[in-house]
Amino acid sequence: MSTKLSIGVYAYEHTEALFDGRVAVGGVDATFETAPLVSDIFRRAVEGHYDLAEFGLTYFLRTLDLDDAPFLALPILPNRNFRDSAIFVNTASGIVKPQGLAGRTVGEFALYGHDGGIWSKGILADEYGVTPDQCRWVIGGTNHPLPAFGWVPQPVPDGVDVRHAEGGQTLGAMLESGEIDALISVDVPQAVLDGSPKVARLFPDYEAVERDYYRRTGIFPPMHIIAIRRELAHRSVLARAVYDAFTQAKELAQRKYLDDAAKQHMSVITPWFSTLFEGNRRLLGDDWWPYGVAANRKAIDTFLRYHHEQGLSKQKLRCEDIFVPELLDT
């Protein structure tokens, strides 16, 4: 009789084949669930709703410092994004380069140390010498008020000034009004979407900056992993079956783009998409969204270093500390 599993994951194009049944988890009766907000999946996982679930890396890592850490990770990375595009400034602030963030009040989406924020802060420190303790931080929602997440540990290191936005305030509105000088956010402020001259990206040429970062480092920043409850993690056949299924679903999505290149991506409604795809393929290769430990070790170890340096993990961890041992060979 097959094992029953509940799996929570966002409905990406590279997980679509899991939801529609084109790809099955071998030997498992798997039920896939999603949610309008990916953070709702994180919360429901913490509350015990799922056997396996997509987790923001920081949300997962924070659970490892609990007395009875409930999860281990599978080297499946369903969400990743370059981060220089996610730093916004008030145009009247005079901030025109990263070093100008020092001494300023900076908003951060959701919590102190959201996944995108950890990457941004780490890169700002490594490449520009701007460390989190040099700024004042305001936490909240970008375009909608967002209460503090009470379901996950929220450590704040000594010497860092952090407060939560009050009442119905949004960080996007605070940025546009000048109440905060800058914002690090996975969500794009509405002012930017509306074309307001009061808000701009810190890096107007962010694509060139991000491509240069990849050329130099080989890192395409991962945001999320798949977490498995520890009582299931020792079942190596199960963990491998889940890993293989997610990999197959992801490869189906990639194969569509690779095959469609021969027809100039006529199935895609974005004009000039083939030119973008060709450039990405030259830079990132045919597996531009890799799963497994080997292809992601440098990126994951970098995030683990940032997480510790920013006071969010008690110890500096390695891949061997977070992933199911049976999948360290992937």
Side-chain angles (χ1 to χ4, degrees), residues 5 7-10 12-19 22-28 30 32 38 41 45 50-61 64 71-83 115 118-119 213-215 217-230 232-258 280-281 283-307 316-330:
L5 285 182
I7 302 176
V9 64
Y10 199 66
Y12 304 104
E13 62 178 336
H14 47 285
T15 60
E16 183 179 312
L18 297 167
F19 284 95
R22 282 178 291 154
V23 173
V25 182
V28 172
F32 287 89
V38 71
I41 297 174
Y50 301 119
D51 299 307
L52 295 97
E54 180 177 357
F55 247 124
L57 264 167
T58 185
Y59 297 84
F60 163 74
L61 292 173
L64 294 184
F71 305 106
L72 282 175
L74 305 182
I76 301 165
L77 291 75
N79 184 302
R80 60 203 313 159
N81 209 294
F82 291 102
R83 301 317 309 163
D115 295 300
I118 291 165
W119 276 111
Y213 174 78
Y214 182 83
R215 289 188 190 96
T217 66
I219 293 174
F220 184 175
M223 303 292 154
H224 301 171
I225 48 81
I226 299 296
I228 184 170
R229 301 202 71 83
R230 281 184 183 264
L232 297 172
H234 70 282
R235 299 169 60 176
S236 58
V237 173
L238 174 62
R240 182 75 60 169
V242 172
Y243 174 80
D244 288 346
F246 271 86
T247 299
Q248 186 180 347
K250 183 264 297 186
E251 289 175 347
L252 282 176
Q254 288 179 305
R255 175 50 53 190
K256 181 180 185 298
Y257 286 109
L258 291 165
N280 286 350
R281 192 174 180 184
L283 179 63
L284 303 171
D286 285 352
D287 185 9
W288 61 91
W289 200 281
Y291 291 167
V293 175
N296 292 288
R297 180 177 289 275
K298 182 178 181 181
I300 295 293
D301 281 347
T302 298
F303 187 91
L304 294 174
R305 172 171 66 85
Y306 288 163
H307 208 260
K316 182 181 175 183
L317 302 170
R318 305 167 303 148
C319 286
E320 285 76 9
D321 299 314
I322 70 169
F323 288 120
V324 171
E326 288 78 9
L327 293 179
L328 288 171
D329 64 347
T330 55

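Values reported hereafter were calculated over all heavy atoms of this structure, with side chains retained and with hydrogens, waters and symmetry mates removed.
Checked by atom type, the side-chain pair Q254/D286 shows no donor-acceptor distance below 3.5 Å.
Here the CD atom belonging to E54 is positioned 8.5 Å from the CD1 atom belonging to I225, to the nearest 0.5 angstrom. Here D244 contributes atom CG and E251 contributes atom CD; the two are 9.5 Å apart, rounded to the nearest 0.5 Å. Between the CZ atom in R229 and the CZ atom in F71 there is a gap of 4.5 Å [rounded to 0.5 Å]. Rounded to the nearest 0.5 angstrom, Y59 OH and I41 CD1 are separated by 12.5 Å. Atom-to-atom distance recorded for T302:OG1 and R305:CZ is 6.0 Å, nearest 0.5 angstrom. Interatomic distance, CG of L72 versus NE2 of H234, reported as 12.0 Å (0.5 Å rounding).
Across all their heavy atoms, V324 and A233 have their closest contact at CG1-O, 3.6 Å. Shown here for W119 and A299, the closest heavy-atom pair between the two residues is CH2-O, 3.4 Å. For P75 against Y243, the heavy-atom pair with the smallest separation is O-CE1, 3.5 Å. Here the closest non-hydrogen pair linking P290 and N296 is O-ND2, 3.0 Å. V23 and A245 get closest at one heavy-atom pair: CG1-O, 3.4 Å. In plain terms, the two heavy atoms of I219 and Y213 that are nearest each other are O-CE2, 3.6 Å.
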Apply the test side chain to side chain contact (heavy atoms under 4.5 Å, CB included) to residues V9 and F19: give CA-CA distance (whole Å), side-chain angles for both, the deciding distance (0.1 Å), then the verdict.
-> CA-CA 10 Å; V9 64; F19 284 95; 3.6 Å; yes
Could you go through the side chain to side chain contact (heavy atoms under 4.5 Å, CB included) check for K298 and T217 one step at a time?
-> CA-CA 9 Å; K298 182 178 181 181; T217 66; 4.2 Å; yes
Go through L57 and I300 one step at a time and tell me if the side chain to side chain contact (heavy atoms under 4.5 Å, CB included) criterion holds.
-> CA-CA 9 Å; L57 264 167; I300 295 293; 4.1 Å; yes
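With K250 contributing its side chain and L77 its backbone, the two residues share no donor-acceptor pair below 3.5 Å. Of the possible polar contacts, none joining the T58 side chain to the D115 backbone as a donor-acceptor pair under 3.5 Å is found. At distances below 3.5 Å, not a single donor-acceptor pair connects side-chain atoms of R281 with backbone N or O atoms of L258. With hydrogens and angles ignored, the 3.5 Å screen pairs no side-chain donor or acceptor of N79 with any backbone N or O of G56.
In this pair, F55 and F60 present their aromatic rings tilted. The plane angle is within the 30 to 60° band.
Using a 4.5 Å cut-off on side-chain heavy atoms (C-beta onward), H224 and V38 make contact. Using a 4.5 Å cut-off on side-chain heavy atoms (C-beta onward), L304 and L61 make contact. The shortest distance between side-chain heavy atoms of R240 and T330 falls below 4.5 Å. With a 4.5 Å cut-off on side-chain heavy atoms, E16 and L252 do not count as touching.
A salt bridge does not link R318 with D301: none of the charged nitrogens is closer than 4.0 Å to a carboxylate oxygen. Salt bridge status for E326 with R235: absent, with no side-chain N to carboxylate O gap under 4.0 Å.
The distance between the ring centers of F246 and Y291 does not fall below 6.0 angstrom.
Checking each of L5, I7, T15, L52 against F32 for a side chain to side chain contact (heavy atoms under 4.5 Å, CB included) leaves exactly one that passes, namely I7. Considering W288, W289, F303 in turn, W289 is the only one that fulfils the ring pair (Phe, Tyr, Trp, His ring centres under 6.0 Å) rule with F220.
Evaluation of the salt bridge (charged side-chain N to carboxylate O under 4.0 Å, His left out) rule for K256 yields D260 as partners, not counting sequence neighbours.
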